[in-house]
Number of protein chains: 2
Amino acid sequence: MSPPPTPATDTRSRILDAAARLFHEQGFNATGVSTILREAGVNPGSLYNLFPSKDALLAAVLERYTELLHPVVMAPVEARTSDPVERVFALLQQYREWFSPLDFRLGCPIGNLALEVADSHPEIRPLIKANFDGWIAYVRKWLDEAGDRLPADLDRDQLAGTVLTIMEGGLMQARSSRSAAAYDASVSQLRSYFDFLLTRGAARPG
Amino acid sequence: MSPPPTPATDTRSRILDAAARLFHEQGFNATGVSTILREAGVNPGSLYNLFPSKDALLAAVLERYTELLHPVVMAPVEARTSDPVERVFALLQQYREWFSPLDFRLGCPIGNLALEVADSHPEIRPLIKANFDGWIAYVRKWLDEAGDRLPADLDRDQLAGTVLTIMEGGLMQARSSRSAAAYDASVSQLRSYFDFLLTRGAARPG
DNA sequence: TTTCTGTTTGAATGTTCATTCAAAGCCTTG
DNA sequence: CAAGGCTTTGAATGAACATTCAAACAGAAA
């Protein structure tokens with residue numbers, strides 16, 4: 001799973017760290033390779049020895065996000081609560097806690113890239129989709145684990161996707177207003193919807 | 001309301017049309033001024049005579065979107081149905097009809113810019129927020145018009161914001177997967193939530 | 001016709017961009 | 001120690017970038 005410890009591993013990590021941070025803070029197009037080089041403490045030749053192009057570096061950053069989804073995003077959520085329904089809201093709460101200290105100046109690193117490079121970089125789009133799919137799969141798993149607390153006729157795939165929709169759409173508005181209110185509003189409405197679903201699940205026949 | 005017909009009015013329109021289209025298709029940073037000039041059939045001096053900078057041009061594009069919100073976005077929706085609740089879903093349906101013919105290659109022009117330039121261009125962010133606020137205000141108005149069909153204790157501001165969340169978050173996923181499914185899923189869950197709210201409104205005491 | 005204001009022309013500017021490459025260095029293997 | 005292959009160095013390259021400006025032009029006013 002982890003690559004062999006060749007001399008370039010450190011360099012590769014430093015580049016990926018710097019690139020991921022800068023792409024998140026400034027966007028892909030607005031981040032110059034020279035800035036990545038400076039922040040990573042590396043020369044152009046080293047970067048281009050490891051990554052054939054800036055686009056390939058972006059691809060590597062997105063592959064890394066996929067790898068980090070469990071340890072960085074999902075494991076802390078699952079450690080917070082064991083109730084599958086509460087895990088959904090713990091996940092949404094975690095994003096709030098990550099971004100509200102910065103007044104929502106940054107958005108979701110994947111979502112930002114999704115809107116910036118989705119149709120200009122055909123080879124990147126699948127990597128973004130893979131991140132979204134992985135994220136949704138966890139939510140979907142939790143909804144499954146909720147079993148018959150949720151209505152039997154509920155489309156759980158749809159609902160899992162909607163949780164991501166709420167997170168991304170809410171974060172976008174929070175960023176535009178530099179305030180948590182819009183994010184909280186959407187999460188609060190989702191909670192209200194879940195309350196309804198749980199009532200309907202509890203009232204099931206048989 | 002409309003500017004006086006000075007000779008530069010046509011030029012200004014052509015530039016704004018081209019810039020709006022290109023920013024939507026390619027993003028702000030990925031669109032070169034030279035491309036805008038070519039597509040608008042205009043020379044650099046003309047553009048810089050009317051707009052002091054590329055950033056100022058972006059600001060003008062966003063002001064124009066604000067002006068077009070009613071005639072282009074909301075009036076067609078209000079013409080489609082007079083039922084205020086159905087207008088919410090007609091609005092969401094309209095975005096689907098705009099973007100599905102292009103396989104969701106483009107996203108919401110405002111949303112795209114929101115994530116791309118929100119924190120690098122401080123003077124632009126309020127213009128994005130104004131667009132969002134105007135959009136939400138229509139939804140909010142419709143929710144008001146629904147009167148006691150909706151529960152009295154419903155936070156209608158929150159719900160109106162959530163409708164935008166669903167649109168933006170759904171569109172982002174539709175773009176990443178090049179498919180309407182993710183968008184439809186979120187709209188469908190919102191419909192289910194509205195059905196619940198309408199039931200609860202109808203069942204009100206008194 | 002002359003003057004004036006606003007508009008357009010388009011070549012030129014200087015900067016920043018992603019990328020290249022020959023040379024030097026390092027580290028492992030024989 | 002010698003050989004060979006990654007790895008790093010960092011100056012150099014050419015393209016694309018946003019922007020400028022002096023000069024030409026257009027149309028209205030006097």
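Since the model is a prediction, treat every value here as computed from it, not as a measurement. Here is how names work: the chains are called A, B, and so on, in the same order as the sequence lines, proteins then strands, and each is numbered from 1.
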Estimate the overall bend of the helix from C:dT1-D:dA30 to C:dG30-D:dC1 from the end axes over five pairs each, rounded to 10 degrees. 0°
Could you give the CG-to-C1' distance, from A:Leu22 to C:dA18, as a whole number of Å? 16 Å
Test A:Tyr138 against A:Leu69 for side-chain contact (heavy atoms from CB on, under 4.5 Å), laying out the working first. CA-CA 10 Å; A:Tyr138 275 91; A:Leu69 177 66; 4.0 Å; yes
Nucleotide of D:dT8, D:dT19, C:dT7 approaching B:Asn49 most closely (side-chain heavy atoms): C:dT7
Using distance alone, with no hydrogens and no angle criterion, decide if B:Gln173 and A:Thr165 have a side-chain donor and acceptor under 3.5 Å apart. yes
Nucleic acid contacts - residues 23-32 of chain A versus DNA chain C, non-hydrogen atoms under 4.0 Å: A:Thr31, A:Gly32
Near DNA chain C, counting only heavy atoms under 4.0 Å, which residues of residues 35-48 of chain A show up? A:Pro44, A:Gly45, A:Tyr48
Establish, for the pair B:Arg191 and B:Phe89, whether the NZ or CZ atom is under 6.0 angstrom from the six-membered ring centre and no further than 45 degrees off its axis. yes
B:Lys54 to B:Tyr48 six-membered ring, cation-pi geometry met (6.0 Å, 45°): no
B:Ile15 CD1 to C:dT9 C1', in whole Å, measures 13 Å
Does the distance from a Lys or Arg side-chain N to an Asp or Glu carboxylate O, for B:Arg87 and B:Asp83, drop under 4.0 Å? no
So A:Leu159 and A:Tyr193, side-chain contact (heavy atoms from CB on, under 4.5 Å) or not? Walk me through it. CA-CA 10 Å; A:Leu159 182 55; A:Tyr193 181 46; 3.8 Å; yes
For a quick check under 3.5 Å, do B:Asn112 and B:His24 share a side-chain donor-acceptor pair by atom type? no
Run through B:Thr31, B:Thr35, B:Leu37 and flag the one making a side-chain contact (heavy atoms from CB on, under 4.5 Å) with B:Val33. B:Leu37
Can you tell me how far P of C:dG6 sits from CG of B:Leu50, to the nearest Å? 13 Å
In terms of relative ring orientation, are B:Tyr95 and B:Trp135 parallel, tilted or perpendicular, with 30° and 60° separating the classes? tilted
Below 4.0 Å: OP1/OP2 of C:dA18 and any side-chain N or O of A:Ser34: no
Do B:Lys129 and B:Glu123 sit within salt-bridge range, that is, some charged N less than 4.0 Å from a carboxylate O? no
Contact under 4.0 Å: B:Thr11 side-chain N or O vs C:dT8 OP1/OP2: yes
Protein-nucleotide distance (A:Phe51, atom CZ; C:dT20, atom C1'), rounded to Å: 18 Å
Please determine, by modelled atom types, if B:Trp142 and B:Glu78 share a side-chain donor-acceptor pair under 3.5 angstrom. yes
